Asker: 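Below is one structure. I have some questions about it.
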Amino acid sequence: MEPSPAKRSPEGSLFTPDELAQWRASLSEANRTNIFCHCRQCDREWIASTEETCVCGSRSVQHIACWQFPDD
């Protein structure tokens, strides 16, 4: 007897509910650990895993989740 296929979500998703939950968790982790930072005072740019101040001491730092940038 063959195992039954995994149940797919009713919305027609290609993922099972467990796979979808795992995908969402990994996206959440990427958002948490890949933050593009830009200092408005000295114009320095870096990637961080937390929203932090700049090494120049400025707290005027723009924080953007890296997933918002398209892959070229």
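Keep in mind that what you see is a predicted model, and the values were worked out from it rather than measured.
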Asker: Residues two or more places apart in sequence or in another chain: which of them pass side chain to side chain contact (heavy atoms under 4.5 Å, CB included) with Ser60?
Answerer: Arg40, Ser58

Asker: Rounded to the nearest 0.5 Å, how far does CG of Asn34 lie from OG of Ser49?
Answerer: 8.5 Å

Asker: Between CZ of Arg24 and CG of Leu20, what distance do you get to the nearest 0.5 Å?
Answerer: 4.0 Å

Asker: Any non-hydrogen side-chain atom of Glu45 less than 4.5 Å from a side-chain atom of Phe36?
Answerer: yes

Asker: Check whether Glu19 reaches the backbone of Thr16 with its side chain - one donor and one acceptor, N or O, closer than 3.5 Å.
Answerer: yes

Asker: Can you name the residues that form a side-chain hydrogen bond (donor to acceptor under 3.5 Å, both in side chains) with His38, not counting sequence neighbours?
Answerer: Asp43

Asker: How many angstroms lie between CD1 in Ile35 and CD1 in Ile47, if you round to the nearest 0.5 Å?
Answerer: 9.5 Å

Asker: Quick check on side-chain contact (heavy atoms from CB on, under 4.5 Å): which of Glu51, His63, Gln62, Arg44 does Cys37 satisfy it with?
Answerer: His63

Asker: Mind checking who shares a hydrophobic cluster with Trp46, ILVMFWY linked at side-chain heavy-atom distances under 4.5 Å?
Answerer: Val61

